Amino acid sequence: MMRTRPLKVALLGCGVVGTEVARIMTTHADDLAARIGAPLELAGIAVRRPGKVREGIDPGLVTTDATALVKRGDIDVVVEVIGGIEPARTLIATAFEHGASVVSANKALLAEDGATLNEAAERHGRDLYFEAAVAGAIPLVRPLRESLAGDHVQRVLGIVNGTTNFILDRMDTSGAGYSEALDEATALGYAEADPTADVEGFDAAAKASILAGIAFHTRVRLDDVHREGITEVTSADLASAKRMGCTVKLLAICERAADGKSVTARVHPAMIPLSHPLASVREAYNAVFVEAEAAGQLMFYGPGAGGAPTASAVLGDLVAVCRNRLAGARGPGESVYARLPVSPMGDVVTRYHISLDVADKPGVLAQVATVFAEHGVSIDTVRQKGKDGEASLVVVTHRAFDAALSGTVEALRGLDTVRGVASIMRVEGE
C-alpha cells in the first residue's frame, strides 16, 4: 500500500545534471512513487544564479540559501550535484545533522574527505549514496558494495574518463595529434574550457580512490593514488602500440598485491592488447573490468558522463535511499575493516615499452641491454631502426618493479650513446 504523505527532496545545484534530475522527478513522478511506495516532492532547489532561466523548473522552488534549505528539518533526502569541496562538504554534514540522507555525485569531495562524510552518515543513522560519482550511468558502486560483498575482489581496471578516452581514440583512429584531438573534444562538448582535471588524470584519480576503497574495504586517500595524464602521449606512441597489436588508454587500476597484504591505486596511460575488452571502448564511453576470486571477470560499460546518464545514476540512488527511509533502515555504509596499507608506485610490477633515441653505431644495443640487466629488468623484445648516424631503439620488458625501471631509465640517460628517452609507457591487460 502506498503512503500518501510525500518524501521531500532538496536539490543542491541545478546545472546540467541537476536540471535532468528535476525533470525526471517531474515527468516520471507516478512511476517513481510506485517503485518507492510513496510520492516524491521536490521541496527546494539551491542555486547560485537565481535569475537564470531554467526550462521546466518552478521558479518558486529556487533559492540561493542552500544552508537554510538543508536545515529545514522536514527534508528526507538531499541530492548534491554542485561539485567541488566547499560548500558541498558543509552542506552535506548539515543535512545529516538535520535528519536527511544524502545522494551525491561529488567524486572530488568523496575522494578527498569521504571518511568524514561516511562517519557523519553513520553517526546520524543516515544514508550516503554516490553511484553517480564514479562512472556516470554505469552501475558500479552498488555491484562492488553489495553484489560482490561476499566475494574477494582482486583487481579493478577501467576507463573512467570519457574526455581522455575520446582524445586517445581520435589519435588512434585518425592519426591526429594530441592538440588537434583535444580541440575536437572541446568543440563537441566532451572537454571543458579548462580540461586540466580530465587530461592530467585528476578526475580519474578521484574515481580510482573511491573504487579502491570499496573494492578492498580499505580507505584509499586521493594522495595515495599515483597519477599521470595524457598530455605527453604522442602519435608516435599510438603508432608503436599498433605495431605491438595494442592501443593506448588512460587507465585507472586498483589491485590487491599477490600476497593480499597491501593494495595499489594508480592512473596513467597504458598500452593494452587489442584482444582485451577495454581496447574496444570508443569515443567518450567508460568501461570498468572487475576481477574477483569467485565471480571471475566482469565488465561494466556505458556512458560515463552527461546530464541524462548521470541523472539516471542519481535517481537510482534516490529510489534506494527513499525505500530505506520508508522501511526505517539504512543501506550499506563504508566498509574499511581490512585496513590494508597502500603501496607506493615503486612497488608496482608491470611491463614497459621504452623508446630511446640512440647513436647508430655498433655496441649501442649491448650497452643498453647491460643497463637493463644491471637493474634486474628483463627484456622481452627489442626493435631498432637507424639512419644517418641516428637510430631509434624500442625495448619492451618483461614484468618489473616500477622502481627498478626508474633506475634503469636514469642510467640509460647517462650513456653517451643515448641521445634521449622519447617515451615510456606501461603495458597492461595481459
Side-chain angles (χ1 to χ4, degrees), residues 15-17 20 105 107 131-141 156-208 211 228-242 244-253 267-290 298-314 425 428-429:
V16 173
V17 176
E20 280 296 316
K107 55 187 170 285
E131 185 67 68
V134 175
I138 304 171
L140 186 58
V141 170
V156 180
L157 172 76
I159 298 165
V160 295
N161 183 273
T163 301
T164 52
N165 199 58
F166 179 88
I167 292 170
L168 292 173
D169 184 48
R170 279 292 184 270
M171 292 175 69
D172 184 43
T173 56
S174 71
Y178 168 77
S179 297
E180 184 183 351
L182 174 59
D183 288 343
E184 184 178 357
T186 304
L188 291 171
Y190 293 134
E192 302 286 345
D194 179 1
T196 303
D198 294 319
V199 300
E200 294 292 356
F202 290 101
D203 175 86
K207 295 170 180 176
L211 288 173
E228 298 173 30
I230 66 165
T231 54
E232 301 300 318
V233 177
T234 66
S235 299
D237 293 327
L238 272 297
S240 290
K242 277 188 176 179
M244 289 177 59
C246 295
T247 189
V248 177
K249 299 290 185 183
L250 182 73
L251 298 179
I253 305 169
V267 168
H268 54 72
M271 296 181 179
I272 57 172
L274 295 175
S275 57
H276 194 281
L278 290 179
S280 62
V281 178
R282 304 288 305 281
E283 301 284 334
Y285 277 77
N286 284 189
V288 177
F289 203 69
V290 177
L298 309 170
M299 183 166 162
F300 301 84
Y301 170 84
T310 305
S312 171
V314 170
M425 192 169 294
E428 299 285 347

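Since the structure is predicted, the reported quantities are computational estimates derived from the model, not experimental observations. For the numbers below, each heavy atom of this structure counts, side chains included, while hydrogens, waters and symmetry mates do not.
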Grab the two heavy atoms, one from [X] and one from [Y], that are nearest each other, plus how far apart they are.
{"X": "A176", "Y": "S235", "value": "O-OG, 3.3 Å"}
{"X": "P269", "Y": "G229", "value": "CG-O, 3.1 Å"}
{"X": "E20", "Y": "A311", "value": "CB-CB, 3.6 Å"}
{"X": "A132", "Y": "V314", "value": "CB-CG2, 3.7 Å"}
{"X": "P277", "Y": "F289", "value": "CG-CE1, 3.8 Å"}
{"X": "A287", "Y": "V281", "value": "CB-CG2, 3.5 Å"}

| message | side-chain contact (heavy atoms from CB on, under 4.5 Å), that's the test. Do I138 and V288 meet it? Break it down for me. | response | CA-CA 9 Å; I138 304 171; V288 177; 5.7 Å; no

[X] versus [Y]: any side-chain heavy-atom pair under 4.5 Å?
{"X": "L140", "Y": "E131", "value": "yes"}
{"X": "Y178", "Y": "T231", "value": "yes"}
{"X": "R170", "Y": "I167", "value": "no"}

Could you state the interatomic distance from [atom1] ([X]) to [atom2] ([Y]), rounded to the nearest 0.5 Å?
{"X": "D194", "Y": "T186", "atom1": "CG", "atom2": "OG1", "answer": "10.0 Å"}
{"X": "L157", "Y": "E428", "atom1": "CG", "atom2": "CD", "answer": "7.0 Å"}
{"X": "K249", "Y": "S280", "atom1": "NZ", "atom2": "OG", "answer": "8.0 Å"}
{"X": "M425", "Y": "L238", "atom1": "CE", "atom2": "CG", "answer": "7.5 Å"}
{"X": "M244", "Y": "L274", "atom1": "CE", "atom2": "CG", "answer": "10.5 Å"}
{"X": "I230", "Y": "H268", "atom1": "CD1", "atom2": "NE2", "answer": "14.5 Å"}

| Could you walk me through whether D237 and E232 pass the side-chain contact (heavy atoms from CB on, under 4.5 Å) check? | CA-CA 9 Å; D237 293 327; E232 301 300 318; over 6 Å; no

Would you check if the side chain of [X] reaches a backbone N or O of [Y] as a donor-acceptor pair within less than 3.5 Å?
{"X": "K207", "Y": "A252", "value": "no"}
{"X": "S240", "Y": "A236", "value": "yes"}
{"X": "N286", "Y": "G302", "value": "no"}
{"X": "K242", "Y": "D172", "value": "yes"}

| Step by step, would you call V248 with M171 a side-chain contact (heavy atoms from CB on, under 4.5 Å)? | CA-CA 9 Å; V248 177; M171 292 175 69; over 6 Å; no

| query | Can you tell which of T163, V160, T164, D203 makes a side chain to side chain contact (heavy atoms under 4.5 Å, CB included) with L250? | reply | T164

| In terms of heavy-atom contacts, does CD of E283 have more than 12 from other residues, nucleotides or ligands at under 6.0 Å? | yes

| said: Just to verify, what does T173 make a side chain to side chain contact (heavy atoms under 4.5 Å, CB included) with, not counting sequence neighbours? | reply: D169, R282

| Evaluation steps, side-chain contact (heavy atoms from CB on, under 4.5 Å), between I159 and L251 | CA-CA 5 Å; I159 298 165; L251 298 179; 4.0 Å; yes

| Should the ring pair Y285 and Y301 be called parallel, tilted or perpendicular, given that the plane angle runs from 0 to 90° and is split at 30 and 60? | parallel

